[in-house]
Peer 1: 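One structure coming up, written as structure tokens, with questions to follow.
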Amino acid sequence: MPTARILRGSPRNLALLARRLRAGELVAVPTETVYGLAANALDAAACRKIYAAKGRPSRDPLIVHIHALAQLAEVAVPNDAARRLARKFWPGPLTLILPKQPAVPAVVSAGLPSVAVRMPSHRLFRRLLRLAGVPLAAPSANPFGYVSPTTAEHVHAGLGRKIRHILDGGPCRIGLESTIVDVRNPRAPRLLRPGAITRAELERALGCKVRTGRRRAAPRAQLAPGQLARHYSPRTPVILHTSLAPRAAAHGPADEAWVFLARPVGVAGKNICWLDARGRLDGVARRLFHVLRTLDARGYRRIHVELARGGGLADAINDRLRRAAAR
Ligand code: AMP
Ligand code: MG
């Protein structure tokens with residue numbers, strides 16, 4: 001296959017990509033969280049191509065993206081808690097787990113009776129969803145297990161030989177995958193993956209506690225234990241620190257990289273970087289995957305990273321860092 005074309009979001013390109021999606025092809029799409037690898041969610045054969053392109057185990061379910069609330073009942077069985085969260089946070093980086101409608105093929109939910117649904121806010125992705133006229137299933141557009149992509153170039157580097165079309169929507173605004181909450185039981189919601197919509201925001205919207213649940217692949221499908229814990233990983237070993245002193249980096253070996261939350265004072269070097277000049281968490285989240293990818297490509301022996309502090313978005317950042325560091 002020729003390598004993928006990166007397309008800008010002109011009306012002509014969007015119409016072309018919508019046709020390709022309806023014809024059962026894959027298109028990599030920008031979202032506000034990370035880039036996704038999209039296919040018609042109602043077409044089992046198209047969705048199987050996602051697993052093949054990513055090398056993703058068939059037990060790991062996909063997220064279904066919709067562009068209007070009216071589409072929710074076509075793919076899932078909503079309840080009051082789901083409607084409340086949808087009204088408050090959609091379009092946005094929140095994925096709801098609900099009972100699945102039969103129209104969604106088993107390959108999308110990895111055989112589970114539940115389905116993951118989200119309404120994204122990215123302007124181009126929304127237009128493409130509307131033009132395609134079908135819900136789109138999309139996991140992150142990276143080879144299974146590697147760091148999620150936050151630019152069209154990241155997608156090209158990982159999947160350029162496996163797919164034909166990448167829609168370029170610029171760097172992702174949030175930079176971390178969506179918050180996932182299981183609301184099948186409206187009185188006992190479970191947080192399955194932390195993201196930019198925080199537990200506190202969910203609790204305020206629902207008026208009840210949101211406990212942590214376990215993310216899982218399909219039941220008969222448990223891969224090797226701990227499989228899903230290791231995710232989002234660069235090839236280079238990642239070492240986490242609750243805080244990093246500039247002098248640790250200044251005196252450290254030159255073949256190891258040091259990643260600070262904020263710009264460190266008094267040290268500089270090619271192997272020393274920071275995620276946000278002032279250490280603001282939204283900037284840290286936005287740049288995290290790009291910095292991990294860049295340092296991974298430079299072949300350092302180890303990458304040292306400072307963990308984020310505080311709750312909320314820091315929980316999501318640290319969740320991804322722990323997965324990147326898991327061996
Ligand atoms: P990705 O978009 O690559 O982060 O992958 C989507 C993730 O959504 C999966 O790895 C699961 O963690 C989660 N997910 C999708 N469908 C379900 C479901 N029915 N139940 C629980 N988690 C799900
Ligand atoms: Mg992923």
Side-chain angles (χ1 to χ4, degrees), residues 21 24 26-29 31 33-66 71-79 82 85-86 93-120 125 129 134-146 148-149 159 176-185 189-195 212-232 319-320 323:
L21 285 164
L26 302 182
V27 175
V29 295
T31 88
T33 58
V34 301
Y35 273 71
L37 183 58
N40 178 354
L42 306 180
D43 178 342
C47 292
R48 273 194 290 272
K49 295 180 188 171
I50 294 177
Y51 290 86
K54 280 181 61 91
R56 183 180 177 104
S58 60
R59 327 297 210 189
D60 196 1
L62 311 176
I63 295 174
V64 174
H65 296 77
I66 58 175
Q71 265 184 320
L72 177 59
E74 290 172 25
V75 296
V77 183
N79 54 32
L85 293 178
L94 179 67
T95 297
L96 304 177
I97 305 295
L98 285 167
K100 183 178 88 64
Q101 290 286 8
V104 178
V107 58
V108 170
S109 63
L112 293 170
S114 59
V115 64
V117 197
R118 177 167 103 82
M119 189 193 292
F125 189 20
L129 275 163
V134 287
L136 297 176
S140 53
N142 52 302
F144 179 71
Y146 196 60
S148 291
L159 297 177
L176 298 179
E177 300 83 353
S178 59
T179 303
I180 303 181
V181 61
D182 182 348
V183 283
R184 281 174 299 167
N185 179 348
R190 298 265 172 194
L191 183 65
L192 303 191
R193 177 169 75 185
T212 301
R214 285 217 295 130
R215 254 205 282 177
R216 42 175 128 150
R220 60 194 165 81
Q222 274 317 328
L223 312 152
Q227 173 82 51
L228 293 182
R230 180 176 156 71
H231 217 123
Y232 319 105
D319 171 75
R320 304 312 188 275
R323 289 170 198 282

Peer 1: Nearest 0.5 Å, please: how far is CG in Leu85 from CG in Leu96?
Peer 2: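 If I round to the nearest 0.5 Å, the distance is 6.0 Å.
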
Peer 1: For Ser114 versus Ser109, what's the shortest heavy-atom pair and its separation?
Peer 2: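 That closest heavy-atom pairing would be O-CB, 3.2 Å.
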
Peer 1: About how many Å separate CG of Leu21 and CG of Leu129, when rounded to the nearest 0.5 Å?
Peer 2: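 Taking CG in Leu129 and CG in Leu21, the distance rounds to 9.0 Å.
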
Peer 1: Under the 3.5 angstrom rule, does the side chain of Asp319 hit a backbone N or O of Arg193 as a donor-acceptor pair?
Peer 2: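 No, because the side chain of Asp319 does not come within donor-acceptor range (under 3.5 Å) of the backbone of Arg193.
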
Peer 1: Please find the pair of heavy atoms, one from Ala39 and one from Ala46, that lie closest to each other, and give the distance.
Peer 2: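 Looks like CB-O, 3.7 Å.
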
Peer 1: Closest heavy-atom contact between Ala138 and His65?
Peer 2: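 Closest pair (atom of Ala138, atom of His65, distance): O-CE1, 3.3 Å.
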
Peer 1: If only atom types and distance count, is the side chain of Arg48 paired as donor or acceptor with the main-chain N or O of Asp43 below 3.5 Å?
Peer 2: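 No, the answer is negative, given that no donor and acceptor are paired below the 3.5 Å cut-off.
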
Peer 1: Tell me the closest heavy-atom pair linking Pro139 and Arg56, and the distance in Å.
Peer 2: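 Looks like CB-NH1, 3.4 Å.
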
Peer 1: By side-chain contact (heavy atoms from CB on, under 4.5 Å), which residues pair with Ala52, not counting sequence neighbours?
Peer 2: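 Counting only residues at least two positions away or on another chain, Ala52 forms no side-chain contact (heavy atoms from CB on, under 4.5 Å).
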
Peer 1: Give the minimum heavy-atom separation between Val75 and Ile66, together with the two atoms involved.
Peer 2: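 For Val75 and Ile66, the tightest heavy-atom pair comes out as CG2-CG2, 4.4 Å.
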
Peer 1: What residues form a salt bridge (Lys or Arg N to Asp or Glu O under 4.0 Å) with Asp182, not counting sequence neighbours?
Peer 2: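 Testing Asp182 for salt bridge (Lys or Arg N to Asp or Glu O under 4.0 Å), a comparison that skips the adjacent residues, returns Arg184.
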
Peer 1: Could I get the full list of side-chain hydrogen bond (donor to acceptor under 3.5 Å, both in side chains) partners for Asn40, not counting sequence neighbours?
Peer 2: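 Here no residue qualifies.
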
Peer 1: As an exercise, state the distance from CG of Leu37 to SG of Cys47, rounded to the nearest 0.5 Å.
Peer 2: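 Separation between the atoms: 10.0 Å.
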
Peer 1: Applying the side chain to side chain contact (heavy atoms under 4.5 Å, CB included) test to Pro61, which of Val115, Val107, Ile97, Leu112 qualifies?
Peer 2: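 By the side chain to side chain contact (heavy atoms under 4.5 Å, CB included) criterion, Pro61 pairs with just one of Val115, Val107, Ile97, Leu112: Leu112.
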
Peer 1: Going from NZ on Lys54 to CG on Leu62, what distance comes out if it is rounded to the nearest 0.5 angstrom?
Peer 2: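 Lys54 NZ to Leu62 CG: 9.0 Å, rounded to 0.5 Å.
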
Peer 1: Donor-acceptor pair, Lys100 side chain versus Gly111 backbone, under 3.5 Å?
Peer 2: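 Between the backbone of Gly111 and the side chain of Lys100 there is no qualifying donor-acceptor contact (under 3.5 Å).
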
Peer 1: Name all residues meeting the side-chain hydrogen bond (donor to acceptor under 3.5 Å, both in side chains) criterion together with Ser148; count only those two or more places apart in sequence or in a different chain, and write none if there are none.
Peer 2: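 side-chain hydrogen bond (donor to acceptor under 3.5 Å, both in side chains) check on Ser148 returns Glu177.
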
Peer 1: With sequence neighbours excluded, what pairs up with Glu74 under the side-chain hydrogen bond (donor to acceptor under 3.5 Å, both in side chains) test?
Peer 2: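 Counting only residues at least two positions away or on another chain, Glu74 forms no side-chain hydrogen bond (donor to acceptor under 3.5 Å, both in side chains).
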
Peer 1: Going through the checks in order, is the side-chain contact (heavy atoms from CB on, under 4.5 Å) test met by Val183 and Leu98?
Peer 2: CA-CA 6 Å; Val183 283; Leu98 285 167; 3.6 Å; yes

Peer 1: Taking all heavy atoms of Leu26 and all of Ala53, pick out the closest pair and write down the distance.
Peer 2: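 In terms of heavy atoms, the two residues are closest at CD1-CB, 3.9 Å.
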
Peer 1: Counting only N and O atoms by type, is there a donor-acceptor contact under 3.5 Å from the side chain of Tyr35 to the main-chain atoms of Asn142?
Peer 2: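 No; zero donor-acceptor contacts below 3.5 Å.
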
Peer 1: Against Ser178, only a single residue in Thr31, Thr33, Thr95 fulfils side-chain hydrogen bond (donor to acceptor under 3.5 Å, both in side chains); can you say which?
Peer 2: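 Running side-chain hydrogen bond (donor to acceptor under 3.5 Å, both in side chains) over Thr31, Thr33, Thr95 with Ser178 returns exactly one hit, Thr95.
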
Peer 1: With sequence neighbours left out, which residue pairs that include part of residues 137-146 fulfil the salt bridge (charged side-chain N to carboxylate O under 4.0 Å, His left out) condition?
Peer 2: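 For residues 137-146: none.
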
Peer 1: Is there side-chain contact between Pro93 and Thr179, with heavy atoms separated by less than 4.5 Å?
Peer 2: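 Counting from C-beta outward, Pro93 and Thr179 never come under 4.5 Å.
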
Peer 1: Exactly one of Val108, Val117, Leu42 should register a side chain to side chain contact (heavy atoms under 4.5 Å, CB included) with Pro135. Which one does?
Peer 2: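 Result: among Val108, Val117, Leu42, Leu42 is the only option passing the side chain to side chain contact (heavy atoms under 4.5 Å, CB included) with Pro135.
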
